[in-house]
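Take a look at the structure set out below.
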Amino acid sequence: MSNATAITPTRAQDFPEWYQQVVRAADMAENSEVRGCMVIKPWGYGLWENIQRQLDVKFKATGHVNAYFPLLIPLSYLEKEAQHAEGFATECAVVTHHRLEAQKQPDGTTKMIPTGELAEPFVIRPTSETIIGAAFARWVESYRDLPLLINQWCNVMRWEMRPRLFLRTAEFLWQEGHTAHETAEEAIVETRTMHKVYEDFMRDHLAIPVIPGEKTERERFPGAMQTFTVEAMVQDKKAIQAGTSHYLGQNFAKAANIQFLGRDNTRQLAHTTSWGVSTRMIGTVIMAHGDDDGVIIPPRVAPNQIVILPVTPKADTRDEVIAACEALAQTLRTQSFAGEPLRVHVDKRDLQGGAKNWEWIKKGVPMRLEMGPRDITSRSVAVCRRDQGPKAKEFVPKEEFIQSVTERLQEIQDALLARATALRDANMKKLETLEEFKAFFAEDSEGGFAMMHWAGSSDDEDTLSKDLKVTIRCIPHGDQFAEEGKCFLTGKPSSRRVVFARSY
RNA sequence: CGGGCUGUGGCUCAGCCUGGUAGAGCGCUUCGUUCGGGACGAAGAGGUCGUGGGUUCGAAUCCCGCCAGCCCGACCA
């Protein structure tokens, strides 16, 4: 094979097509016969399981507990909060019948005809504020019942027009946290706490630096008072929203009637929040770290952090080599990395070595080890790091490797974060004028994150977005964005820059 | 929901214009040679040509209906 890279086309040639090919080459997911719905294959699901488990620890550590609520939501629930309902109306799947009747056709086949129409249709949850709100209303009577800190891991469905594996699918997996509080202050603290949890998780676990900030009114979650977001930059310089945290004020409490008797013996409405991240994060990881040979998964969340490839050139040494590989794997598994036992796999399949090697490169396993007869004799292993070139190989004495394995994994984790941070920083620009802005986002230019002084209206934002296909990703927190200046569109004074970008 | 395109072995597609009941590459199986390596050769498995109807002696190919998918717009974790 003479291909310079494992993936065709390369990122530079056609990024969206590269993405599709990478997902396929990594065997992470595939399109299913159900429109817009994907099959998540073991390698992709393994990544999700790690994300899920590690986030769950953080949720528990911040006082939350898990629960589960129904998939189906009475249609009337969605009518209780007008803004919310309108926000999701165009993408709801509706269940209208509850039984099928077999009907024999003249040609001998059988058709199943829906019967038993429901008096009130159900909507398959696009998000669960309404039905969880109804439960909260039953559970909360006194200020002593607050705060209520609940999370659920589940699937939701939004009938998207243009699905793409992991990035936008009709059905997707996520977690949705829902909390109710006695005061607005407490609810806002909760919203910000979870926003911070997402920011930290993205950086420390997924090796993706994000810009934390607040959404403008136009981009806000339907029905929310405030929406906080973490925005990541991926390699085509577009932004992707990786997680959101909403302060819902009393809007949903009012709609669902979440009332409690306060310390002053008056009836009050609770203040609620909701926050979530989804399987989209997997797409974000792929686009943030992948290269022209496939996916690169950060060690902390990789389904296998190390794959051992036995080199078995001769049949008579094969058993010995495999036994040595198994023994090494066992030794490594007794060690921990980032608080979890090392995940090590020995690939014993009877395939050609090169084919196997490239398969794991495309899957993005952080570290590959080769061990053959010569290594057994010399008591060494060949170490290949996925953040380096496919040919890069270092022979390390086995004992030394065992001693240093977790440091080596951390080096990869750090290298990925450094690389992603460098990409982002190189493509964030402070611009001052509309001309500069237009040039920055012109069809043939690189694009990126434009940091702009902004004091325009929602209508201005709308017009700008439609003309140039860019949006305000967020009004970022952080001192580096705070400075006096003038709005690049209206000339009005501004005390903070906002981040504009094209987005997924 | 508006505009364009496409439905042929597991995947990507050729064949259709100029009707005569199926081809390639990849993948898969077996054997052999190779192999610290995404190799090569040989043999082989696998297809109601989206679906229903029409024209015809004969339809993957022509005509009509239906269904599904893709791309471009509005929406989006």
Side-chain angles (χ1 to χ4, degrees), chain A residues 1-8 16-17 20-21 24-25 30-36 86-92 105-107 109 125-128 154-164 166-176 198 215 218-222 227 229-232 239-246 274-284 293-294 309-315 317-318 321 347 350-362 368-376 378 380-382 384 390-391 393 395 462 465-466 469 471 503-504:
Chain A
M1 198 75 89
S2 59
N3 276 353
T5 62
I7 305 298
T8 312
E17 181 60 24
Q20 310 264 38
Q21 294 303 327
R24 189 222 283 249
E30 62 188 20
N31 285 310
S32 75
E33 44 282 85
V34 183
R35 206 201 85 92
E86 278 173 36
F88 286 104
T90 57
E91 46 190 74
C92 285
Q105 301 299 107
D107 63 2
T109 60
R125 61 182 165 216
T127 177
S128 303
C154 67
N155 57 344
V156 290
M157 179 155 254
R158 299 179 187 177
W159 210 267
E160 298 293 349
M161 286 297 105
R162 197 160 307 163
R164 266 227 275 164
F166 291 121
L167 297 175
R168 197 186 303 106
T169 47
E171 180 189 8
F172 58 91
L173 306 182
W174 77 346
Q175 58 69 216
E176 45 180 329
Y198 290 151
K215 286 291 187 189
R218 181 177 180 273
E219 300 281 327
R220 204 175 278 159
F221 177 75
T227 287
T229 176
V230 288
E231 297 285 327
I240 183 161
Q241 179 175 323
T244 50
S245 183
H246 315 293
S274 68
W275 30 275
V277 298
S278 72
T279 36
R280 168 181 272 192
M281 273 203 301
I282 296 177
T284 307
D293 290 322
L309 302 161
V311 179
T312 56
K314 295 196 185 89
T317 54
R318 190 184 145 82
V321 167
D347 188 350
D350 182 23
L351 287 179
Q352 266 206 268
K356 258 196 239 186
N357 193 35
W358 277 99
E359 200 176 289
W360 291 110
I361 291 173
K362 288 184 277 192
R368 308 183 303 283
L369 304 182
E370 295 178 4
M371 196 147 76
R374 295 212 293 266
D375 306 301
I376 292 176
S378 66
S380 65
V381 296
C384 307
K391 302 289 181 205
K393 194 190 283 191
F395 287 88
D462 203 54
S465 298
K466 286 189 168 133
K469 294 178 185 163
T471 46
S503 76
Y504 279 93

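As the structure is a computational prediction, the values presented were derived from the model and not from experiment. Labels below follow one simple rule: chain letters A, B, ... track the order of the sequence lines, proteins then strands, and each chain is numbered from 1.
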Q: Give me the one residue out of A:I282, A:V156, A:T279 that meets side-chain contact (heavy atoms from CB on, under 4.5 Å) with A:L173.
A: A:T279

**Q.** Minimum heavy-atom distance between A:W174 and A:V277, given as atom pair plus value
**A.** CB-O, 3.1 Å

(Q) Under a 3.5 Å cut-off for both contacts, is B:U61 paired Watson-Crick or G-U wobble with anything, and if yes, with which nucleotide? (A) none

Q: Sticking with atom P, work out how far B:U6 lies from B:C62, rounded to a whole angstrom.
A: 12 Å

**Q.** A:R374, nearest nucleotide to its side chain (from B:A77, B:G36, B:U34)
**A.** B:G36

**Q.** Distance in Å, A:T284 OG1 paired with A:Q241 CD, rounded so as to fall on 0.5 Å steps
**A.** 10.0 Å

**Q.** Whole-angstrom distance between B:C28 and B:C11, as gauged at atom C1'
**A.** 12 Å

Q: Using a 4.0 Å heavy-atom cut-off across all strands, classify A:S245 as base, sugar-phosphate, or nothing.
A: nothing

(Q) Pick the closest RNA chain B nucleotide for A:A355 and for A:Q241 by heavy atoms, then say which residue is nearer the 5' end. (A) A:A355

Q) Between atom NZ in A:K314 and atom P in B:G37, what is the gap in whole Å? A) 14 Å

Q | Atom P, compared across B:G7 and B:G15: separation rounded to whole Å | A | 10 Å

Q | Interatomic distance at C1', B:U55 relative to B:G65, whole Å | A | 15 Å

Q: Look only at the side chain of A:T227 and the backbone of A:F221, and say whether a donor-acceptor pair between them is shorter than 3.5 Å.
A: yes

Q: Report which part of the nucleic acid A:P390 touches: base, sugar-phosphate, or nothing (heavy-atom distance under 4.0 Å, all strands).
A: nothing

Q | C1'-based separation of B:C72 from B:C16 [nearest Å] | A | 27 Å

**Q.** Pair of N/O donor and acceptor under 3.5 Å linking B:G36 base with A:N357 side chain
**A.** no

Q. Counting side-chain heavy atoms from C-beta on, which of B:G36, B:C75, B:A77 comes nearest to A:S278?
A. B:A77

**Q.** Pairing partner (Watson-Crick or G-U wobble, both distances under 3.5 angstrom) of B:G32
**A.** B:C40

Q.
Using atom C1' in both nucleotides, what's the gap between B:U48 and B:G9 to the nearest angstrom?
A. 13 Å

Q | A:M371 CE - B:G37 C1' separation (whole Å) | A | 17 Å

**Q.** From B:G38, B:G36, B:A77, nucleotide with atom closest to A:W358 side chain
**A.** B:G38

Q | Distance in angstrom units between A:K466 NZ and B:C76 P, rounded | A | 10 Å

Q) At what distance, to the nearest 0.5 angstrom, does CD of A:Q352 lie from NZ of A:K356? A) 10.5 Å

Q. Taking the side chain of A:R24 as its heavy atoms from C-beta onward, which of B:C35, B:C11, B:G36 lies nearest to it?
A. B:C11

Between the protein and nucleotides 71-73 of chain B, list every N/O to N/O distance that falls short of 3.5 Å.
unit_1: B:G73; atom_1: N7; unit_2: A:R162; atom_2: NH2; d: 2.7

Q: For A:F172 and B:A77, say yes or no: do the ring centres fall under 5.5 Å of each other while the ring planes differ by less than 30°?
A: yes

**Q.** Atom-pair distance (CD on A:E91; P on B:A74), nearest Å
**A.** 15 Å

Q. Taking all atoms of both residues into account, what is the closest heavy-atom pair of A:P373 and A:T317, and its distance?
A. CG-OG1, 3.8 Å

Q: Look only at the side chain of A:R125 and the backbone of A:N155, and say whether a donor-acceptor pair between them is shorter than 3.5 Å.
A: yes

Q) Want to settle it: does A:A170 or A:G36 sit nearer the 5' end of RNA chain B, counting the closest nucleotide to each? A) A:G36

Q) Which nucleotide, in any strand shown, forms a Watson-Crick or G-U wobble pair with B:C17, with both distances under 3.5 Å? A) none

(Q) As an exercise, state the distance from CZ of A:F395 to CD of A:E370, rounded to the nearest 0.5 Å. (A) 7.0 Å

Q: Starting at atom NZ of A:K356, determine the distance to atom P of B:G37, rounded to an integer number of angstrom.
A: 14 Å

Q. Between atom CE in A:M157 and atom P in B:C76, what is the gap in whole Å?
A. 18 Å

Q: Nearest 0.5 Å please: distance from the CH2 atom of A:W275 over to the CD atom of A:Q175.
A: 5.5 Å

Q) Which nucleotide in the set B:A77, B:G38, B:G37 lies at the smallest distance from any side-chain heavy atom of A:K393? A) B:G37

Q) Can you find a donor-acceptor pair, distance only, under 3.5 Å between A:R168 side chain and B:C76 base? A) yes

Q: Could you check which nucleotide pairs with B:G7 in any of the strands shown, counting Watson-Crick or G-U wobble with both distances under 3.5 Å?
A: B:C67

Q | Watson-Crick or G-U counterpart of B:G73, or none if no pair lies under 3.5 Å | A | B:C1

Q. Using atom C1' of each nucleotide, how far apart are B:C17 and B:U61 to the nearest Å?
A. 9 Å

Q) For atom C1', what is the distance between B:C31 and B:C13, given to the nearest Å? A) 30 Å

Q.
Has A:E219 got a side-chain atom pairing as donor or acceptor with A:T471's backbone, closer than 3.5 angstrom?
A. no

**Q.** Gap between atoms CH2 and C1', on A:W159 and B:A74 respectively (whole Å)
**A.** 19 Å

Q: Whole angstrom is fine here: how far is it from CD in A:E231 over to P in B:A77?
A: 10 Å

Q: For B:A45, give its Watson-Crick or G-U wobble partner with both distances under 3.5 Å, or none.
A: none

